[in-house]
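Owing to the predicted nature of the structure, the values given are computational and were not obtained by experimental measurement.
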Amino acid sequence: MESKDLLKLNIQTALKKLGIDLDVSAISVDDSKNPEHGDFASNIALKLARNAGKTPLDFAKELNEALDKSEIERVEIAGPGFINFFMKKDSLTSVVGKIIDEKDNYGRGEKKNLKVNVEFVSANPTGDLHVGHARGAAIGDSISRIMEFDGYDVTREYYINDAGNQIDHLGESIRERIKEALGLPFALPDDGYHGVDVINIANQIKDELGDKLPAFLDDPDSFEFFKTRGMELELEKIRKDLKEYRITFDIYSSERKIRSGNAVEKEIDYLSKYIYKDEGALVLKTTEFLDDKDRVIVKSNGEYTYFMPDIVYHVNKLSRGYDKLIDVLGADHHGYINRMKSALMMHGYSSDVLDIELIQMVRMMKDGAEFKLSKRTGNGYTLRELCEDVGVDAARYFFVMRAATGHLDFDLDLAVKQSSDNPVYYAQYAHARLCSILNSASDIKVDKACSHAGEASEFALIKELAKFPDVIKVASKERAPYKITNYIHDVAEKVHGFYTECRVIDRDNKEVTASRLAICLASKIVLKNALSLLGVSAPEHM
RNA sequence: GCGCUUGUAGCUCAGCUGGACAGAGCAUCUCCCUCCUAAGGAGAGGGUCGGACGUUCGAAUCGUCUCAAGCGCGCCA
């Protein structure tokens with residue numbers, strides 16, 4: 001157990017001696033920001049003094065006397081009643097050996113036996129993924145990785161809206177492009193897809209059909225074929241782009257399949273007591289739960305609104321046994337949250353069975369101005385181009401670097417810079433430096449007890465490493481990958497400070513060398529673990 | 001009009017289940033490589049935490065009001 005947690009238990013026991021029973025979770029112990037305030041600080045006396053009928057200072061003094069001092073060097077009571085703890089060195093350095101022993105598993109949360117489904121990207125297979133998808137993709141995948149590491153059983157799912165009329169437009173566009181290629185008269189639909197990628201796909205399908213053309217165009221099944229084949233090819237491209245981006249999905253769900261077998265009708269039946277008719281349309285009484293307005297589910301012309309099959313889809317996901325659904329959506333969907341939650345509540349689920357993570361817009365910035373367009377196609381800047389331009393590491397790191405709820409300016413110039421200005425390089429460089437030291441001293445056995453730590457920069461780094469498990473818990477709970485990038489920065493900063501202050505390899509002083517090598521190894525492990533949660537590589541050389 | 005999100009240093013953002021002088025990066029200025037990667041480090045300047053009032057021993061953090069920006073409020077998806 002980490003020294004901070006031990007300290008909490010220590011305080012808990014001391015409080016008991018004073019006749020106060022408190023859960024450990026109610027005892028706050030913080031890492032001191034200022035070294036003068038010791039290693040850890042607690043405001044517990046300020047919180048409890050009033051109820052105990054004492055002044056915070058007196059309360060702190062009494063508490064201090066009840067503490068077990070075996071791990072504590074000394075205690076200072078400061079300010080209005082803060083208790084500052086100066087820990088014994090061994091108590092702080094023990095985490096180094098722990099990290100080295102646990103390696104890739106350092107920071108991993110306990111197995112929770114909870115199944116979580118994270119749905120993200122879910123772009124219609126009608127064209128290339130563009131940068132608008134890229135942030136949601138990076139955040140969705142990082143949330144998945146973080147929660148997996150925290151001990152959840154995570155499924156990554158992609159929902160294909162293949163039943164709507166966008167797919168019809170795709171089919172039409174392909175058919176007309178094939179006609180064009182065959183020299184026949186053609187007419188692109190106004191709401192069709194006009195990009196070069198559709199032309200490429202049309203050409204590919206044309207080649208596949210070969211001699212069957214142009215006769216096949218008159219076949220009544222041809223349109224259905226263009227639709228499904230076009231979609232398959234689009235999806236193939238998307239999968240490939242995502243794989244390059246280090247994202248793979250466990251499940252691709254098709255709207256058509258979800259809808260099959262009267263699933264929608266059955267759902268309407270199930271919800272019947274919350275449904276009423278209004279001017280020929282069926283309306284769901286979502287206001288009975290969280291919504292501020294009832295929602296149409298079947299239009300007066302008999303068609304479903306988008307919402308209806310989506311309810312079926314979410315119910316379907318839950319029927320597969322997930323304890324929690326997470327949807328990663330664009331921020332413009334915020335009106336959708338309470339409506340979907342309400343529908344699920346009609347099924348008896350709690351409102352928090354579904355979490356919707358809203359992702360704010362990204363502005364790509366280049367030379368101080370917004371950069372929107374692909375240089376190749378004249379359409380939107382694609383994910384593939386972005387990866388080619390700045391690399392997957394920088395792309396993924398930048399996209400998760402800020403809280404999802406806030407707008408993000410993606411500085412393309414900074415992302416390609418090979419210098420410390422670039423936060424990705426700053427972190428990766430720290431890792432590479434550590435590897436370089438470890439390689440140069442591979443013949444020296446590391447001292448896992450880290451028994452010769454003495455410099456301030458060594459302790460600053462060790463304390464930072466000890467925070468990792470807590471950072472994971474918070475990032476997982478808040479679904480906040482940016483907490484990991486912040487942490488990575490802090491670790492990298494301390495690594496660089498340590499590197500500068502402490503010469504590691506000293507052939508004349510094997511003890512100190514072995515102790516410092518342990519710090520290097522532990523730091524390397526933590527950096528690598530943290531980077532991997534974001535899908536960012538930890539290079540050995542740069 | 002209603003709802004959601006945002007407003008913190010010149011710029012981009014942390015900090016927000018209330019706590020000790022408000023932090024980081026970039027940009028600006030000073031220093032530091034005979035030595036494991038200077039893709040680094042040390043230091044300086046720079047802030048009425050949008051505004052007002054309230055709760056509290058204590059508010060960037062909580063509450064109310066207000067100003068500003070973005071986005072939603074379809075029988076669109």
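Protein atom CD of A:Gln360 is 10 Å distant from nucleotide atom C1' of B:C4, rounded to whole Å. Across the protein-nucleic acid pair, A:Glu501 atom CD and B:G43 atom P stand 11 Å apart, rounded to whole Å. Rounded to whole Å, the distance from CZ on A:Arg363 to P on B:C11 is 13 Å. Rounded to a whole Å, the NZ atom of A:Lys366 is 20 Å from the C1' atom of B:C11. Spacing between atom CG of A:Asp355 and atom C1' of B:C4 amounts to 16 Å, rounded to whole angstrom units. Between the CG atom of A:Asn486 and the C1' atom of B:U12 there is a distance of 13 Å, given to the nearest Å. Between A:Ile83 atom CD1 and B:G19 atom C1' the separation is 14 Å, expressed in whole Å. Whole-Å rounding puts the A:Ile356 CD1 to B:C4 P distance at 15 Å.
The side chain of A:His489 approaches B:G25 more closely than any other nucleotide in the set B:G25, B:C35, B:A20. Side-chain proximity of A:Lys483 to B:G19, B:G15, B:A24: nearest is B:G15. Set against B:A20, B:C35, B:U12, the side chain of A:Ala41 has B:A20 as its closest nucleotide. Between B:G15, B:A20, B:A38, one nucleotide has an atom nearer to the side chain of A:Tyr482 than all others, and that is B:G15.
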Extract from the structure each pairing of a protein N or O with an N or O of nucleotides 31-33 of chain B at less than 3.5 Å, listing the distance.
none

I'd like a list of close polar pairs between nucleotides 72-77 of chain B and the protein, N/O only, cut-off under 3.5 Å.
residue: B:C73; atom: O3'; partner: A:Lys293; partner atom: NZ; Å: 3.2
residue: B:G74; atom: OP2; partner: A:Lys293; partner atom: NZ; Å: 2.7
residue: B:G74; atom: O5'; partner: A:Lys293; partner atom: NZ; Å: 2.9
residue: B:C75; atom: O2; partner: A:Ser300; partner atom: N; Å: 2.6
residue: B:C75; atom: O2; partner: A:Ser300; partner atom: OG; Å: 2.7
residue: B:C75; atom: N3; partner: A:Ser300; partner atom: OG; Å: 3.1
residue: B:C75; atom: N4; partner: A:Asp278; partner atom: O; Å: 3.1
residue: B:C75; atom: N4; partner: A:Glu279; partner atom: O; Å: 3.0
residue: B:C76; atom: OP2; partner: A:Lys299; partner atom: NZ; Å: 2.7
residue: B:A77; atom: OP2; partner: A:Tyr306; partner atom: N; Å: 2.9

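A distance of 10.5 Å separates CD in A:Glu464 from NE2 in A:His489, rounded to the nearest 0.5 Å.
Using cut-offs of 30° and 60° for the angle between ring planes, the A:His133 and A:His130 rings count as tilted. Relative orientation of the A:Tyr487 and A:Phe468 rings is parallel, given thresholds of 30° and 60° on the angle between their planes. Relative ring orientation between A:Tyr193 and A:His169 is described as tilted, the plane-to-plane angle lying within the 30° to 60° band.
Between A:Arg295 and A:Asp292 a salt bridge is recorded (basic side-chain N to carboxylate O distance below 4.0 Å). Electrostatic pairing of A:Asp413 and A:Lys366 does not count as a salt bridge here, judged by no charged N lying under 4.0 Å from a carboxylate O. Looking at A:Glu157 and A:Lys317, no side-chain N of the basic residue comes within less than 4.0 Å of a carboxylate O on the acidic one, giving no salt bridge.
Within 6.0 Å of NZ on A:Lys8 lie more than 12 heavy atoms contributed by other residues, nucleotides or ligands.
Near RNA chain B, meaning a heavy atom under 4.0 Å away, the residues from residues 392-404 of chain A are A:Arg402, A:Ala403.
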